[in-house]
Number of protein chains: 2
Amino acid sequence: MAGKINIKELAKYLNLSIATVSKALRDSYEISEQTKKKVLEAAEKLNYTPNPHASSLRKRKSKTIAVILPEVADNFFSLAINGIQSIAGDKGYHLLIYLSHEKFENEKAIVEECKSGRVDGVLISISSETTDAEHIKKLQAENIPVVFFDREFENIKAAKVITNDYECGQAAAEHLLKNGSKHPVFLSISSSLPICNKRAEGFSSVLINHGIFHKDSILYCDVDTEKMRKQIKKIISKESGIDAIVTSVERVAMQVYLTCHEKNIKIPEDLKVIAFSTLETAPILSPPLTTITQPAFEIGKKAAEILFKSIEKSNYDLASDLIIIPSKLIERTSTKKVRNKQSA
Amino acid sequence: MAGKINIKELAKYLNLSIATVSKALRDSYEISEQTKKKVLEAAEKLNYTPNPHASSLRKRKSKTIAVILPEVADNFFSLAINGIQSIAGDKGYHLLIYLSHEKFENEKAIVEECKSGRVDGVLISISSETTDAEHIKKLQAENIPVVFFDREFENIKAAKVITNDYECGQAAAEHLLKNGSKHPVFLSISSSLPICNKRAEGFSSVLINHGIFHKDSILYCDVDTEKMRKQIKKIISKESGIDAIVTSVERVAMQVYLTCHEKNIKIPEDLKVIAFSTLETAPILSPPLTTITQPAFEIGKKAAEILFKSIEKSNYDLASDLIIIPSKLIERTSTKKVRNKQSA
DNA sequence: TATTTACTCGAAAACGTTTTCGCAAATAAA
DNA sequence: TTTATTTGCGAAAACGTTTTCGAGTAAATA
């Protein structure tokens with residue numbers, strides 16, 4: 001009745017050996033249907049639940065995966081977690097969530113933890129500070145499968161599930177130019193994150209083709225909200241001459257909007273904004289925000305799928321997997337063409 | 001070098017016993033400083049990381065807690081996770097995240113899992129379907145500490161960290177009446193969730209005092225987005241006579257706004273909206289959304305704090321803890337008084 | 001010198017599983 | 001009947017720790 005009955009006591013109760021009980025519970029062919037039934041019933045009756053640590057220790061499998069994220073209060077990552085969970089839940093896997101808070105040191109410590117055998121695999125979206133993949137390589141050296149999602153690391157042989165960042169950067173630029181922008185900028189949060197760089201490069205390529213690229217076409221801001229805010233204030237001021245912004249990640253878009261509201265800068269008249277973001281509130285913002293919406297759920301789901309493929313068959317080679325799931329540009333008011341706008 | 005060295009091999013390398021190495025690593029007083037240093041160095045050099053399952057098995061402590069949530073793509077829960085993580089991270093605890101997706105059956109299965117000894121404690125925000133606490137009581141019977149946060153269960157002796165829902169329900173009603181609403185309704189997602197009921201009761205009490213309460217002052221909608229959407233469409237149609245809505249949770253607010261935009265219903269002229277929500281985008285919505293903002297981060301943090309208090313000293317009695325952290329009403333445009341509004 | 005006392009360390013028994021192997025008994029084949 | 005084969009089960013050895021207890025040595029006290 002009350003707490004913590006183990007397999008030994010269950011065996012004693014049934015007048016069977018521990019081995020037999022264990023096998024019966026795992027539905028082994030070695031055990032007759034009759035005794036299997038008895039064991040199951042007794043287990044139910046005595047409220048027996050196997051100890052997962054003992055099991056993990058013996059089997060060298062934890063039925064647990066780690067998900068390492070920069071943060072969780074970001075719609076993209078929330079949706080990705082949902083995608084991951086949709087697969088992990090079905091497979092009976094447990095989800096250990098770790099937050100790096102965009103700090104490389106944290107990420108390293110977390111990855112270190114994952115080497116201990118606590119988890120069977122790792123899904124990771126790297127921090128904006130991460131420029132070195134040694135920690136990940138050590139993980140792989142311990143034969144722990146790793147799948148990058150969204151925020152990958154370029155110089156490493158590993159499975160990755162990402163979106164078509166370069167093309168989307170281009171699409172953003174083209175969209176802005178088409179709608180009358182003369183001086184658009186791309187606002188990045190990292191000079192090392194591939195998602196930022198590829199988006200920026202796609203963006204730049206279009207500007208170059210139009211002969212309007214210059215060194216300030218790509219700007220960088222801090223991940224710290226306060227600092228980011230200050231930098232944004234400068235950028236959006238009318239003196240800057242900038243008439244459109246592409247925000248590299250969701251948090252930046254939020255801050256740009258908040259700052260514009262505060263400073264009374266009109267979108268899209270004074271400034272056009274297009275955001276890489278999965279914000280659900282995009283259509284009801286003031287004004288509705290044009291987004292490049294990543295397939296966050298699908299990315300998480302796919303990443304989990306290939307991770308499990310690798311966990312389940314050890315011969316499966318992860319390293320070759322590179323999955324690209326395209327994003328969608330959703331046009332809304334924040335980038336609308338303004339007819340009677342006098343040039344800046 | 002490569003993979004998986006255990007304490008036995010480390011001991012052999014050092015010419016020491018397993019016991020000594022183990023104690024040295026845990027900084028036991030029994031071991032001399034000299035050998036401690038040697039052990040630490042060797043551990044570092046050989047890249048030794050102790051196996052957590054073996055340790056958990058032996059110590060009957062997993063250094064892991066479970067966080068059970070209805071969903072994660074909700075700002076409240078994301079922030080709560082941050083709060084929880086801020087404490088758990090410091091203490092070196094691991095976070096196992098489970099999603100019930102608002103289904104009681106899921107929740108039950110998850111709680112069942114937690115009984116196995118996998119976790120040292122449980123933080124839970126119950127699903128909207130949950131009306132029975134037997135599963136939680138079984139958990140407590142196994143001596144696993146449980147702390148409810150936000151979405152508690154009333155008929156159970158357990159620690160809880162919540163916000164002042166009743167007063168906020170009142171505040172919402174008063175705010176709406178003050179700003180000219182004649183027929184406000186409260187839009188709930190559950191007739192069992194205390195957070196919904198208390199908010200609704202506070203709301204009702206004010207309407208009763210004003211003699212304008214009637215049976216349709218509290219309305220219920222489904223948690224399923226599609227169904228919710230249809231129900232909202234009816235409610236906000238001008239024929240309904242309703243001129244203000246209090247949304248019980250964030251997701252409902254989202255759908256109300258989306259539907260209003262779609263149906264071209266003007267906020268606050270045609271309909272005032274006030275939302276129980278921690279949406280960061282509230283101030284930049286169209287129009288800015290008046291919210292009752294819960295201290296999500298603090299609730300998560302406090303819940304984690306008292307959970308650890310109970311985990312760390314087994315004599316600490318959780319059952320008596322009831323912590324109430326107040327929410328804040330933040331007035332924005334969506335509930336603004338409309339001067340020249342002809343009565344409906 | 002004899003006896004405590006403190007200081008380091010090691011042997012071995014847990015913790016609760018899973019799995020290998022072997023052993024009977026029962027059945028099938030020869 | 002003898003020889004294989006199958007079926008159902010149990011003993012015991014892992015898995016990698018932590019912890020109890022005792023033992024040996026060196027230092028301190030009597």
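Letters A, B, ... are given to chains in the order of the sequence lines, protein chains preceding strands, and every chain is numbered from 1.
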What is the distance, rounded to the nearest whole Å, between atom CG of A:Leu25 and atom P of C:dT17? 9 Å
Nearest to the side chain of A:Ser32, heavy atoms from C-beta on, is which of D:dG8, D:dG10, C:dT17? D:dG8
Thinking salt bridges, do B:Arg151 and B:Glu102 make one under a 4.0 Å N-O criterion? yes
Calculate the interatomic distance between B:Lys61 atom NZ and C:dA14 atom P; express it in whole Å. 22 Å
With heavy atoms under 4.0 Å as the rule, sort A:Ser22 into base, sugar-phosphate or nothing. base
Base, sugar-phosphate or nothing for B:Ser56? Non-hydrogen atoms, less than 4.0 Å. nothing
For atom NZ of A:Lys301, decide whether the heavy atoms of other residues, nucleotides or ligands shown that lie under 6.0 angstrom number more than 12. no
Interatomic distance, A:Asn51 CG vs D:dG16 P [rounded to whole Å]: 16 Å
DNA chain C nearest-nucleotide lookup for B:Ala54 and B:Gln34: closer to the 5′ end is B:Gln34
Of C:dC21, C:dT18, D:dG16, the nucleotide closest to the side chain of B:Asn6 is D:dG16
So which nucleotide from C:dG16, C:dT18, D:dC9 ends up closest to the side chain of A:Lys59? C:dT18
Using atom NZ of A:Lys12 as one end and atom C1' of D:dC9 as the other, report the distance to the nearest whole Å. 19 Å
Enter the distance from A:Lys23:NZ to A:Ile18:CD1 here, rounded to the nearest 0.5 Å. 12.0 Å
To the nearest angstrom, how far is B:Ile18 atom CD1 from C:dA13 atom P? 13 Å
Electrostatic pair B:Lys63:B:Asp120 at N-O distance under 4.0 angstrom: no
Considering only heavy atoms and no angle criterion, is a donor-acceptor pair shorter than 3.5 Å present between the side chain of B:Lys4 and the base of D:dG16? no
Can you figure out which of D:dC9, C:dG10, D:dC15 approaches the side chain of A:Leu57 most closely? D:dC15
Short side-chain N/O contact to C:dT17 OP1/OP2 from A:Arg26, under 4.0 Å: no
Is A:Glu9 salt-bridged to A:Lys12, cutoff N-O under 4.0 Å? no
Locate the shortest heavy-atom distance separating B:Leu95 from B:Ala88; write the atom from each residue and the value. CD1-CB, 3.6 Å
Between B:His53 (NE2) and D:dT17 (P), how many Å, whole number? 12 Å
Please determine whether a side-chain nitrogen or oxygen atom of B:Tyr48 lies at a distance below 4.0 Å from atom OP1 or OP2 of D:dT17. yes
Give B:Thr20 one of three labels, base, sugar-phosphate or nothing, depending on what nucleic acid heavy atoms sit under 4.0 Å from its own. base
Between the base of D:dT17 and the side chain of B:Arg58, is there a donor-acceptor distance below 3.5 Å? no
So does B:Arg60 get a side-chain nitrogen or oxygen closer than 4.0 Å to the phosphate oxygens (OP1/OP2) of C:dA14? no
With a cut-off of less than 4.0 Å, is there a side-chain N or O of A:Ser55 near OP1 or OP2 of C:dT17? no
Grab the CD-C1' distance between B:Glu30 and D:dG22 for me, whole Å please. 11 Å
Rounded to whole angstroms, how far apart are NZ on B:Lys23 and P on C:dA11? 11 Å
